[in-house]
Amino acid sequence: MRFFSARQLIFLAALLSFAIEGFAIERTCGTWRALQNIQELRSTSYSARTATSARDCDDSDYYSDVLQKKTTHFQIFYTLDGPHKTTAPFVDTLSIYLEKAWNAYVEQMKFKAPVGRDTSHHFQQKVEGGLYPVEVIDIDLVRDPIAVLGSASGCNGCMGVTFSGKSINSTQLFIDNDFYATAGVRDPKETYSKDGKSCTYSKATLAIENVQHDYTYTKNWAKGIKVTTFHEFYHAIQLQYLPLSKRNFTFWYESSAAGIEEVMAPEIDDYIRYISYPASFAGKPFDQITDDYGGSVLFLYLYNHIDKRFDKSIWETFAKKDDMDFKDNLQNYLKGNGLEGDSVFHDFAIKLSFSGPRANALDSAKWINPDESLWPKFSYSYDVSFIPDTTDFTYYFHSGSTPDISNFSGKTSAILYKNNRAKVFSIHSLKAIDSIAVQSNLADSTIWVMSRLGEAAPIPNKKDEVALRAFPTPWRSGSPLCFSPLPQNKKFIEIRNRRGDLIFREPYQEETHCIDEATIKEKLAPGVYRYRAGTNGKTKDFIIIY
């Protein structure tokens with residue numbers, strides 16, 4: 001065993017402190033952390049009181065003068081010294097974004113205004129009637145962390161928390177004072193002296209970072225205030241409709257808050273890193289993905305493509321039926337607005353399949369969100385024989401071979417990619433699968449999209465009602481000319497010129513029939529031709545170019 005001198009130990013401690021301060025940590029919502037801890041607290045296998053605090057004084061010993069700033073709707077409490085110290089510009093900026101959030105959610109979207117606590121939790125200050133309290137503190141050093149976070153071990157990366165405590169009708173916000181976080185392990189210690197008493201605490205040294213754009217919120221604190229305020233105040237709105245005491249810990253708390261932050265602060269893009277969770281679990285029920293933030297993609301779809309005020313109806317329904325699953329809540333909302341749930345969810349799944357680089361194959365107006373090309377690409381199944389199950393609230397993406405959907409209850413579409421452009425084909429019957437399978441041979445790649453929200457029936461095994469068509473048209477060299485779907489009571493295709501003169505008859509046996517390139521060039525010069533199945537019926541045009 002090697003022993004170190006006192007000087008070496010001092011040097012190593014300083015080096016460790018420098019190393020810790022050089023690290024960064026990803027942003028976390030304290031409200032989400034509290035939700036997770038509270039769920040565990042209510043189980044029999046978890047005890048939040050196992051953690052010990054690094055503080056050796058009362059909470060009030062870590063600050064002296066408490067200042068405040070009042071706005072039209074808010075009362076902000078803060079201090080300029082000790083571990084909770086912030087700056088006046090920080091508070092001024094916070095006050096601006098708080099009022100912007102109030103105007104957006106309460107005045108414009110017409111949500112019910114949140115009711116604030118009458119006494120602030122940490123600084124224990126009286127709140128003026130009609131104002132909503134906000135405390136700027138080091139969240140890792142919050143008073144009674146078990147009450148706020150459900151754990152005594154700190155928050156480690158939280159930039160804000162919405163807190164209700166024992167009250168089910170009133171809440172307040174905590175905003176981190178400088179967007180530094182404690183590491184949780186081997187934190188450097190500092191002391192704060194008040195009235196001759198020295199108090200030790202863990203110093204927050206890890207800069208909370210924005211991974212998407214590679215900067216820290218400690219330096220870009222105005223951006224940190226903006227995104228945190230819009231996110232956390234939305235939690236305050238939610239808790240007016242579905243308090244935590246109702247025990248419905250729906251994933252939609254965080255999914256909608258992460259979605260609205262992108263709407264209100266689109267330049268931040270911090271939500272994008274969480275999309276990797278739903279991207280990795282296609283085929284798993286959407287409300288069972290491993291990170292609630294990832295559900296923001298569904299929020300953004302509904303906000304941008306259905307109704308910008310849809311979420312108000314969702315939370316109003318939760319207020320009336322606090323034990324309702326989100327899936328049922330969404331279906332009821334869509335049905336009440338004349339929309340078929342599975343069709344809407346399938347459109348969402350199709351748009352989601354373009355996530356990442358594939359988005360450039362689609363008109364950007366059809367993207368879920370203007371930055372969808374920056375999202376991670378969603379996972380696909382590549383099994384030779386792929387059979388999706390019929391679990392509610394799921395979507396599947398399959399690449400390659402034709403999936404077996406004979407027993408699948410849901411919606412199905414095929415997306416054919418050719419020359420970096422995409423075309424979507426809806427599957428209305430099992431008969432259409434053969435036609436799409438033939439066309440996929442002419443495409444660069446094919447993605448099959450299957451989804452089910454809950455109302456869908458099996459895809460019918462009936463004759464496809466799609467009219468007979470020739471493809472591709474205009475036809476150019478390099479591929480066969482195909483016809484589909486062909487009636488099985490006919491035996492050949494008639495090809496005629498524009499005057500109606502018969503050029504040749506092409507026999508067929510299958511529902512889809514293709515004529516090879518050599519035959520086309522041998523029998524048909526460039527021009528406009530007409531075709532039909534059999535010897536009677538209306539003819540249709542196709543064009544030959546080479």
Side-chain angles (χ1 to χ4, degrees), residues 17-18 20-25 27-28 30 53-71 74-98 119-127 133-145 148-149 154-161 163 172-184 187-209 215-229 232:
S17 175
F18 174 80
I20 291 175
E21 291 194 35
F23 291 155
I25 189 171
R27 165 189 169 222
T28 302
S53 172
R55 286 166 279 176
D56 52 10
C57 296
D58 293 334
D59 291 293
S60 58
D61 292 327
Y62 289 92
Y63 58 86
S64 53
D65 294 333
V66 178
L67 307 177
Q68 60 179 279
K69 181 180 179 68
K70 296 179 183 178
T71 68
F74 297 91
Q75 190 168 2
I76 306 170
F77 301 99
Y78 64 99
T79 185
L80 297 177
D81 71 337
H84 299 290
K85 67 180 178 182
T86 189
T87 65
F90 189 103
V91 174
D92 290 340
T93 302
L94 174 61
S95 68
I96 292 171
Y97 283 118
L98 284 168
T119 302
S120 72
H121 174 82
H122 185 83
F123 291 125
Q124 301 284 284
Q125 299 292 302
K126 187 69 177 177
V127 180
V134 180
E135 293 186 294
V136 182
I137 65 169
D138 182 334
I139 291 178
D140 286 330
L141 299 177
V142 65
R143 181 189 299 272
D144 192 0
V148 177
L149 301 169
C155 209
N156 309 122
C158 298
M159 292 171 62
V161 182
F163 171 59
Q172 74 159 79
L173 299 190
F174 295 107
I175 303 295
D176 196 72
N177 61 323
D178 55 10
F179 302 139
Y180 279 103
T182 55
D187 291 316
K189 300 297 187 290
E190 287 203 355
T191 57
Y192 173 72
S193 297
K194 177 183 176 182
D195 300 331
K197 185 178 182 180
S198 293
C199 300
T200 303
Y201 64 93
S202 296
K203 181 182 179 182
T205 57
L206 301 185
I208 303 175
E209 64 178 342
Y215 61 75
T216 65
Y217 290 113
T218 55
K219 293 182 178 179
N220 292 272
W221 49 265
K223 291 182 177 179
I225 291 172
K226 182 178 183 181
V227 71
T228 303
T229 300
E232 294 301 332

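Every value quoted in this text rests on a predicted model; they were computed, and no experiment measured them. Excluded from the calculations below are hydrogen atoms, water molecules and symmetry mates; all remaining heavy atoms, backbone and side chain alike, are included.
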Q: Looking at every non-hydrogen atom in both residues, tell me the closest pair between Thr182 and Ser202 and how far apart they are.
A: CG2-O, 3.9 Å
Q: Testing Leu94, Val127, Thr229 one by one against Val134 for a side-chain contact (heavy atoms from CB on, under 4.5 Å), which residue passes?
A: Leu94
Q: How close do Gln68 and Phe77 get, counting heavy atoms only, and between which atoms?
A: CB-CD2, 3.9 Å
Q: Just verifying a value: how many Å separate Lys69 NZ and Leu98 CG, rounded to the nearest 0.5 Å?
A: 11.0 Å
Q: Work out which heavy atom in Asp59 is nearest to a heavy atom in Val142; give both atom names and the distance.
A: OD1-O, 4.2 Å
Q: Once salt bridge (charged side-chain N to carboxylate O under 4.0 Å, His left out) is applied, do any residues pair with Lys197, and if so which ones, sequence neighbours excluded?
A: Asp61
Q: List the atom of Leu80, the atom of Tyr78, and the distance in Å for their closest heavy-atom pair.
A: CD2-CE1, 3.9 Å
Q: Can you check whether Val161 reaches Ile139 side chain to side chain, under 4.5 Å on heavy atoms?
A: yes
Q: Find out whether the Lys NZ or Arg CZ of Lys85 is both under 6.0 angstrom from the six-membered ring centre of Tyr192 and within 45° of the ring's axis.
A: no
Q: Identify whether NZ of Lys or CZ of Arg in Lys194 sits under 6.0 Å from the centre of the six-membered ring of Tyr62 and within 45° of that ring's axis.
A: no
Q: Could you state the interatomic distance from CG (Asp178) to NE2 (His84), rounded to the nearest 0.5 Å?
A: 11.0 Å
Q: Just by distance, do the side chain of Gln172 and the backbone of His121 share a donor-acceptor pair under 3.5 Å?
A: yes
Q: Rounded to the nearest 0.5 Å, how far does CG of Asp58 lie from SG of Cys199?
A: 8.0 Å
Q: At their closest point, which heavy atom of Asp138 faces which heavy atom of Ala204, and how far apart are they?
A: OD2-CB, 3.8 Å
Q: State the OG1-CD1 distance between Thr218 and Ile208, to the nearest 0.5 angstrom.
A: 8.5 Å
Q: Going from CD on Gln125 to CD on Gln75, what distance comes out if it is rounded to the nearest 0.5 angstrom?
A: 8.5 Å
Q: Specify the closest pair of heavy atoms between Phe123 and Glu135, including all atoms of both residues, with the distance to one decimal.
A: N-OE2, 2.7 Å
Q: Ring-plane angle category for Phe90 and Phe179, please: parallel below 30°, perpendicular beyond 60°, tilted otherwise.
A: tilted
Q: So do Asn177 and Ile137 actually touch side chain to side chain, heavy atoms under 4.5 Å?
A: no
Q: Please report the C-alpha distance between Phe174 and His122 in whole Å, then the side-chain angles of each, then the deciding distance to 0.1 Å, and finally whether the ring-ring contact (aromatic ring centres under 6.0 Å, His included) criterion is met.
A: CA-CA 9 Å; Phe174 295 107; His122 185 83; 7.2 Å; no
Q: With a 3.5 Å distance limit and no angle check, can you tell me whether Ser193 reaches the backbone of Ser198 through a side-chain donor-acceptor pair?
A: no
Q: Tell me, do Trp221 and Thr93 make a side-chain contact under 4.5 Å, heavy atoms counted?
A: yes
Q: Roughly how far, to the nearest 0.5 Å, is OG1 of Thr86 from CG of Asp81?
A: 12.0 Å
